[in-house]
Amino acid sequence: MNRIVKTILVCAICFNSGIISAQINEYLNSENKRISNANRTEVEIQKFIDDNFNNYELSQEINDELIQHLRSEEEFSDAELQNAIKKTKYYELRKLFFIQNPDKKADYLARPLPVEIQQQCVNGDFENGTAGYSFWSDPHPQPASGTAFFLSCATPSVQTVTNVVTPVTNDMNATVTFIDNTSPGYQQYDPTLAGLGVNVPTLFTSGGGGNKCIKLNNEQGLGSSDQTTVSRYFPNINQATIDFNFSLVMDNKPAHGQPIQPFFRARVLDQFGNVVDEFCIIANPDNCLFNVIYVSSKRRVLYTDWICARLNVGEILNQPGTLEFTVSDCQPSAHFGTVYIDNICGSVCAVPQLGALNTNPANINCPDLTGNTPIQVCGTYSPPVNATLSTMSLNVTQNGVVVGTINAPSQLTASTFCFTVLPSAFGANPSGDFEFQINADFEVHCPAGTFIYSITDNSANIGPDVSFNNCCQPILTLASPADDLNNLAAVPIKQRERSDWIKAANIVSVGDNVLANGVVYHAANYVELNPGFEAVFGAQFAAYPEGCSDTYDYKAPVQNHNTTVAQPLIDETVNLVKLTKDFAIIPNPSSSMIEIVMNDAKFDKVNITTIDGKVMTERNIERTDKMQLDVSRYANGIYIINVTSEDGKLYTKKLIKN
């Protein structure tokens with residue numbers, strides 16, 4: 001009988017395994033179809049841009065700011081400047097395409113795994129293409145987005161209707177490159193480094209490696225500060241860490257400060273968009289993580305070999321989560337940042353090269369304040385390779401503000417720590433929610449000197465680590481004469497709250513008659529004034545239903561219990577001006593140079609007159625679709641520009657000189 005049961009059990013397992021395998025294949029086939037559709041859309045986008053490139057010009061404001069910004073930041077040739085303007089126009093036309101074709105976006109978004117296989121790490125190594133991953137990129141044309149968009153490691157990365165992209169196989173100039181050594185165009189080594197005499201593989205080759213990986217951002221820079229993200233949604237996190245491999249190549253200009261250098265950020269978000277774990281690497285030659293190539297006195301190229309890194313996600317086990325990788329060029333746009341990524345969630349780091357820090361879960365409600373009972377906050381850590389622990393501290397935070405600090409652990413080993421947190425660390429009369437933030441600094445000796453790696457864990461778990469909500473007792477009975485009081489009594493006596501009810505039969509006496517300096521009772525369900533209760537003439541007294549809030553207003557404020565988080569508004573403005581069938585004057589008004597741009601035609605004669613007919617300029621030129629004129633010597637006012645096209649038609653527009 002036992003043998004039969006075992007046979008049936010084995011068959012059931014085989015059958016279930018076969019179902020899961022079929023579901024995975026179905027999911028991968030569906031994703032590959034989605035990606036193929038996105039690739040076809042990319043062809044449509046390119047055709048749309050080609051067809052409309054001469055029908056639109058950048059808006060006057062964007063065009064002027066772009067030229068001014070680039071000329072102030074770097075020394076550019078006219079050809080480079082025109083290329084930057086062209087890239088900005090391409091970006092705006094791409095936005096316009098998606099606004100006109102909103103249904104196309106769906107094919108750029110990875111579809112979630114079926115519930116039955118949601119805990120499987122499907123295609124973590126990209127060997128089945130990019131199934132399961134979503135990509136987007138913000139070129140941030142300079143300075144169309146201004147300079148405020150760049151916040152270094154804190155720069156937002158938000159998927160919008162118009163910034164989604166799809167990878168291009170083995171095209172190193174693409175925003176996202178799918179590296180595949182089985183397809184044409186594959187380059188074994190990073191081309192920028194190879195051109196500088198250094199060979200770093202584009203694929204992770206250790207331990208068998210694989211044939212495919214993903215590269216974010218190209219290595220061009222100039223004209224737009226590209227910031228590119230790959231994202232993967234996990235319906236159910238089923239492991240305490242997410243390990244992966246990456247390799248960085250970054251430009252570095254000595255004259256730029258660290259806050260505007262390229263960066264690479266890896267993070268995991270919970271289902272509410274909160275950061276669970278994160279690290280960020282800024283291009284810095286002092287960081288011995290990087291190898292440095294000195295190209296010139298104005299430029300250095302930094303690179304790493306393949307690195308194994310870890311993100312801790314134990315606090316969201318069995319919950320949804322999203323993994324994000326973001327890489328950015330420098331803020332002024334001329335210096336690139338790029339990253340190769342492989343083996344996501346399908347491998348385990350023997351030693352996480354960047355180190356790791358994880359606080360054990362803590363979910364404490366109403367800790368003992370009167371007894372001054374301490375709280376033990378413990379966790380584990382591993383130093384970055386070749387680094388030693390320098391300092392470790394704990395901050396107690398509320399709404400992102402530090403309210404208490406403990407400068408050293410009470411217990412520390414080579415891999416574990418514990419802090420003893422006294423109630424006083426939460427401040428006087430604490431209320432609301434608090435988090436434990438662990439900060440660790442590690443020292444490593446680099447050729448440039450001692451470099452500090454800082455690792456932070458901002459919370460022990462999802463939700464508050466410690467709560468002082470509804471911590472008062474549930475009920476209270478007040479009787480006379482023991483509980484009689486006046487308005488001048490001590491605050492803890494004359495201000496009473498309970499989580500259920502208060503029944504009062506005491507006497508409230510006259511105080512100083514100062515507004516709001518009175519006796520207040522509130523409770524969640526009711527405050528009952530029983531026979532024997534009296535607030536004598538002139539006494540100040542208030543009672544109302546409200547739970548334990550530590551707020552003692554005479555009248556409870558209106559509570560807004562709507563916890564819906566407003567989504568940020570995404571600016572979908574297209575900074576383009578559609579040209580008419582005649583010509584455009586850019587800019588208009590103008591104080592100096594103007595450009596005359598003909599739409600879908602060429603012209604061979606230009607005539608400029610005052611409003612009363614006086615000829616200011618008259619030129620016969622070789623046939624062209626655009627030309628520049630200097631009007632700086634003209635007096636301020638209105639002028640008439642007449643353009644004669646190659647077919648003899650006359651077009652007229654007004655120019656405002658200011």
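Since the model is a prediction, treat every value here as computed from it, not as a measurement.
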Might you point out which heavy atoms bring [X] and [Y] nearest each other, and give the distance in Å?
X    : Y    : result
P285 : L302 : N-CD1, 3.7 Å
I282 : S152 : CD1-OG, 3.4 Å
E315 : N461 : CB-CA, 3.5 Å
L203 : K212 : CD2-C, 3.5 Å
F126 : D342 : CD1-OD1, 4.1 Å
L354 : I455 : O-CD1, 3.5 Å

Without swapping roles, check the side chain of [X] against the backbone of [Y] for a donor-acceptor pair under 3.5 Å.
X    : Y    : value
D277 : N312 : yes
E497 : V520 : no
W306 : Y340 : no
Q261 : H256 : yes
H335 : R299 : no
R496 : Y521 : no
Q227 : P156 : yes
N163 : V158 : yes
D465 : A460 : yes
S225 : C330 : yes

Determine whether the side chains of [X] and [Y] contain a donor N or O and an acceptor N or O closer than 3.5 Å.
X    : Y    : answer
D433 : S467 : yes
H140 : S224 : no
T202 : K215 : no

How long is the gap from [atom1] on [X] to [atom2] on [Y], to the nearest 0.5 Å?
X    : Y    : atom1 : atom2 : answer
Q271 : F234 : CD    : CZ    : 15.0 Å
I438 : S393 : CD1   : OG    : 7.5 Å
Y303 : I293 : OH    : CD1   : 5.0 Å
C446 : N287 : SG    : CG    : 6.0 Å
L311 : T241 : CG    : OG1   : 9.0 Å
I214 : T177 : CD1   : OG1   : 8.0 Å

- Task: I would like to know whether S459 and E435 meet side chain to side chain donor-acceptor pair (under 3.5 Å); could you show each step before the answer?
- Result: CA-CA 6 Å; S459 177; E435 307 286 351; 2.7 Å; yes
- Message: So, applying side chain to side chain contact (heavy atoms under 4.5 Å, CB included) with N395, which one of V402, V401, N458 is it?
- Response: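 Exactly one candidate clears the test, V402.
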- Passing option when Y453 is tested against P383, P384, S390 for side chain to side chain contact (heavy atoms under 4.5 Å, CB included):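 Among P383, P384, S390, the one that satisfies the side chain to side chain contact (heavy atoms under 4.5 Å, CB included) with Y453 is P384.
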- Could you go through the side chain to side chain donor-acceptor pair (under 3.5 Å) check for D226 and N217 one step at a time? CA-CA 7 Å; D226 299 338; N217 260 8; 5.4 Å; no
- Message: Show every side-chain hydrogen bond (donor to acceptor under 3.5 Å, both in side chains) that has at least one partner inside residues 411-421, sequence neighbours left out.
- Response: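 Sorted result for residues 411-421: Q376-T420, S410-T420, T413-T416.
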Once the angle between the rings of [X] and [Y] is folded into 0 to 90°, is it parallel (under 30°), tilted (30 to 60°) or perpendicular (over 60°)?
X    : Y    : answer
F244 : F325 : perpendicular
F135 : Y133 : tilted
F264 : F246 : tilted

- Is the number of heavy atoms from other residues, nucleotides or ligands under 6.0 Å of N274 CG greater than 12?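 Yes, the 6.0 Å shell around CG holds more than 12 heavy atoms from other groups.
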- Query: Does a side-chain heavy-atom distance below 4.5 Å link V176 with V230?
  - Reply: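 Of all side-chain heavy-atom pairs linking V230 with V176, none is under 4.5 Å.
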- Task: Determine whether P367 and F468 make a side-chain contact, defined as any pair of heavy atoms from C-beta on separated by less than 4.5 Å.
- Result: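 Sidechains of F468 and P367: in contact.
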- Take T456 and L357 through the test side chain to side chain contact (heavy atoms under 4.5 Å, CB included) and record every step on the way to the result. CA-CA 7 Å; T456 297; L357 178 65; 5.6 Å; no
- Derivation of the side chain to side chain contact (heavy atoms under 4.5 Å, CB included) call for Y233 and S134: CA-CA 9 Å; Y233 174 73; S134 298; over 6 Å; no
- Determine, stepwise, if the pair D441 / S454 fulfils side chain to side chain donor-acceptor pair (under 3.5 Å). CA-CA 5 Å; D441 288 340; S454 296; 2.8 Å; yes
